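These notes are about the structure you will find just below.
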Protein chains: 4
Amino acid sequence: MCRWLAYSGTPMLLDTILYRPDHSLIDQSLRSELGVETTNGDGFGVGWFTEESSTPALLRDVGPAWNNRNLHEMADHVRSPLFFAHIRASTGTAVQQSNCHPFRHGRWMFMHNGAIADFHLVRRDLILQIDPALFPDIEGTTDSEVMFYLALTFGLEQDPPAAVARMAGVVERTGREHGVELPLQMTIAVSDGVRVWAFRYSSARESRSLFYSTRADALRRLHPDEKFLQEVSDDTRLIVSEPLGDLPGAWNQVPESTYCLVQPGVDELLPFEPQPA
Amino acid sequence: MCRWLAYSGTPMLLDTILYRPDHSLIDQSLRSELGVETTNGDGFGVGWFTEESSTPALLRDVGPAWNNRNLHEMADHVRSPLFFAHIRASTGTAVQQSNCHPFRHGRWMFMHNGAIADFHLVRRDLILQIDPALFPDIEGTTDSEVMFYLALTFGLEQDPPAAVARMAGVVERTGREHGVELPLQMTIAVSDGVRVWAFRYSSARESRSLFYSTRADALRRLHPDEKFLQEVSDDTRLIVSEPLGDLPGAWNQVPESTYCLVQPGVDELLPFEPQPA
Amino acid sequence: MCRWLAYSGTPMLLDTILYRPDHSLIDQSLRSELGVETTNGDGFGVGWFTEESSTPALLRDVGPAWNNRNLHEMADHVRSPLFFAHIRASTGTAVQQSNCHPFRHGRWMFMHNGAIADFHLVRRDLILQIDPALFPDIEGTTDSEVMFYLALTFGLEQDPPAAVARMAGVVERTGREHGVELPLQMTIAVSDGVRVWAFRYSSARESRSLFYSTRADALRRLHPDEKFLQEVSDDTRLIVSEPLGDLPGAWNQVPESTYCLVQPGVDELLPFEPQPA
Amino acid sequence: MCRWLAYSGTPMLLDTILYRPDHSLIDQSLRSELGVETTNGDGFGVGWFTEESSTPALLRDVGPAWNNRNLHEMADHVRSPLFFAHIRASTGTAVQQSNCHPFRHGRWMFMHNGAIADFHLVRRDLILQIDPALFPDIEGTTDSEVMFYLALTFGLEQDPPAAVARMAGVVERTGREHGVELPLQMTIAVSDGVRVWAFRYSSARESRSLFYSTRADALRRLHPDEKFLQEVSDDTRLIVSEPLGDLPGAWNQVPESTYCLVQPGVDELLPFEPQPA
């Protein structure tokens, strides 16, 4: 399992979000409180959008985030309006760069915390359901990347919620065909550089933790002296596996079987159900 | 493409073979003369059999062999009667440990120099022909590992030459189905810890270089003062992508479309042809 | 800070000691209970003696021990009568192979848990007290390696306890000259391939934890069914930063300001005091 | 030895300079033509200035540049008006991140190709001449970093040419005191984010190659159709260990015992001589 965060809003130095908070993602790499594992040290990745390119830049490596100097360098020098960060705790697949999140396809970025149960049993059948034209782009061996490519197969670039719902449907059906009772456990983030979708779902309806931050304008009224809140736009938003601190009123749990859409204008919180593919 | 060597004979400190010769594999990692690339710096691996275990030990890493300290340490401290060593020049697939040779399945070890042409076109179709029971053990993304698992599917552990011939047949048929004229280029080594099989074949019948060493007793008569030859048994044998030096009479080219079998007793040199699978 | 273990006795597959125990060193890399940090994921090292060489073999790498495949491979395939293993939690110095323990000089091996307080203040003055003839061999930037080279300067190869005592004396004097009240915190292991010395000391007389195992013959009487005990000689001994399990009677704390000498025949437990250098 | 380049001028995607030219630095990492070694695969580094920070960002890693994905990602997504890039061929010191160039101190960046002859003989004496207040910042073990810290000791931040001259003087004097006839071989680049100084010098007056690019306005008259030249300001300048291509008139050798100053306005080419420190 893993921990992740997605940021969208006022262009921000990555350091402000990744290192500075009391219970930052870097701190979570050593001391996760809500994750399945305390330690998330099996690789990491950051992906960020800039004005230079329509595709996000990725920095991924196989060591722990907490001691990685290149990550710290980028955090100190890169400002971005939309970025993902992910720390990995391998559930058995190899610790290698191609298994580090976020994954990318064109301008789309994807990251995941959770697991396809008994992945070794269903991997082959799932891979066969990926569009053969996309198949050559698979580089790693994780269940997460297979989920991404299934979602791409089912139209992620056209309609993310529908594509993720069909992916989840396929994973559940395939798992059950192999006798797996509870095939899926997932919290997923997806972005095209403008919007961020975040999904919380599990077959058992007991999904891993997922939180979204309160709108900055509302939070600013509660905490008028909080410096960070004065520097960000009203619609700056964070979605995180676990809260980055304990500021009262700042964090709201994404409900079970729900997805959020963070976008310019009004964000949305909507029900999520797997669909037959 | 890559360079490799296989050693079988008197238990030998790895250093003697890997580092000491004038044109050792370490030297070839910087200055290959017969390879497609001069530099073979995209990872390396060594696998050796010992009395401690029925499976070979593997040391593989993603950096170049020439500056790897752990490799040098093992070379200085490990003695083995049968070992493989491989240096990689990636033809595009990721530089990661799971893509480094040798590959292992139980007590079987496999390494390869060459390529399946247009692998991205045929990868999916080839993977589908791997025994589903073996499929979950695939860890990397190379054509070489797919070749190994196809050979295992076709009975490598029972009859290596027949299994490799069927693997080559499948690769050629699948390639041609996708319009690839010359689908296969390979020099392969396989071992079960007792015998070593080495194959040289390509669809174009212009295979990468492969050499076997002259029997030590014959070579000793030519070079009575050569110290190395006095320390090894008559049937000590090396198979290499390119000669480790220029000792006259020491190296013999494996003929086109041929395989060698190195074993206790008399070695063999036999014709190789792909077979329909 | 860090965790380590030293093994001496019946030649043993490393796996038996490094991976198998309930609270093995690998488990401690994720979940240390007595260490300063819970996580020890900033590199690792193993050093072992074999009959092949008078020097120990070293395998060291910068990632965490818990996911390192080469470490697992060596553990599965190497048998040794005397080995050290170390997992690192950096106190600030770079995570690089040359900072991983054990350190080696000729046939001598050294590892350490602890710290020289305010090392950045005293590093230069300490380095100047290293024998200039040894100076070029320093490869890393840790306080631990400086302690090793100071001990070598003071005759480690002739009289380890006296040399370590003078090293500790120099570190304390130099620290105090820079206004550091409690300059030293150390648990050290040293070996020449035959004997193992382990030291527990700190300026505050509140040293990090260190334990030695009960003699196997005594422990066997307590636990006649314990399989491991039936396989080892009476004088097989482990010295560890924290116990590898909770077998009653198995682990004894090394007293404050004390060193043990593990050797063929009778082991010793003797007082340790820094000496003026 | 190594290869490097320094870019100053119109803000440019790193990819344009690092990967696109026929004989780019990436190509030189595999096939250097003028360097001491053909292969420069023992680590790399890139440092760039942006508007986000007064300090340059550094990306450095221990593998070869040619297969590093994070480097390629940054090259594809980072635009900068002033950046350094360096590929390393170790002359024996460890392949570790802290030995990769560029080195940084505050907003100052430094890189080097060359060597202090018999560095192991003089290292201790040179280190002692570094300002003790700077000493704790030394992280690696290269001669290059020692040269940087000596130059900082002698006022690099106030007067770079004078400080580098005194550093070279100290290196030559110290070498000769140890019986080294030709103590220094260097091509150095230094920047504060606005200006770039590049030095070419060796005790033998046979310095490694160093080239500067012709002013873009002059070159544009020669090659009116060259697309790159139409995109850059007149004073855009490259300084390189070896030319990135063979465009006639584009590259000029920096004369022996000379330094260039690249700056807003008129660049300079001035004589360089070591000075007594």
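Predicted model, so just to flag it, every value in this text is computed and none were measured. Side-chain atoms are counted along with the backbone in the values below, which use heavy atoms only and exclude waters and symmetry mates. Chain letters run A, B, ... following the sequence lines, proteins first, then strands; residues in each count from 1.
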Problem - Nearest atoms (heavy-atom pairs only) where Pro64(A) meets Gly41(C) - result: CG-O, 4.0 Å
Fill in the blank from the handout: chain A shares the most heavy-atom pairs under 4.5 Å, among Asn68(C), Thr38(C), Asp42(C), with Asp42(C)
Problem - Distance-minimising heavy-atom pair for Arg69(A) and Gly92(C) - result: NH2-O, 4.5 Å
Handout entry: Contact class of Arg31(C) relative to chain A, heavy atoms under 4.5 angstrom
Key = neither
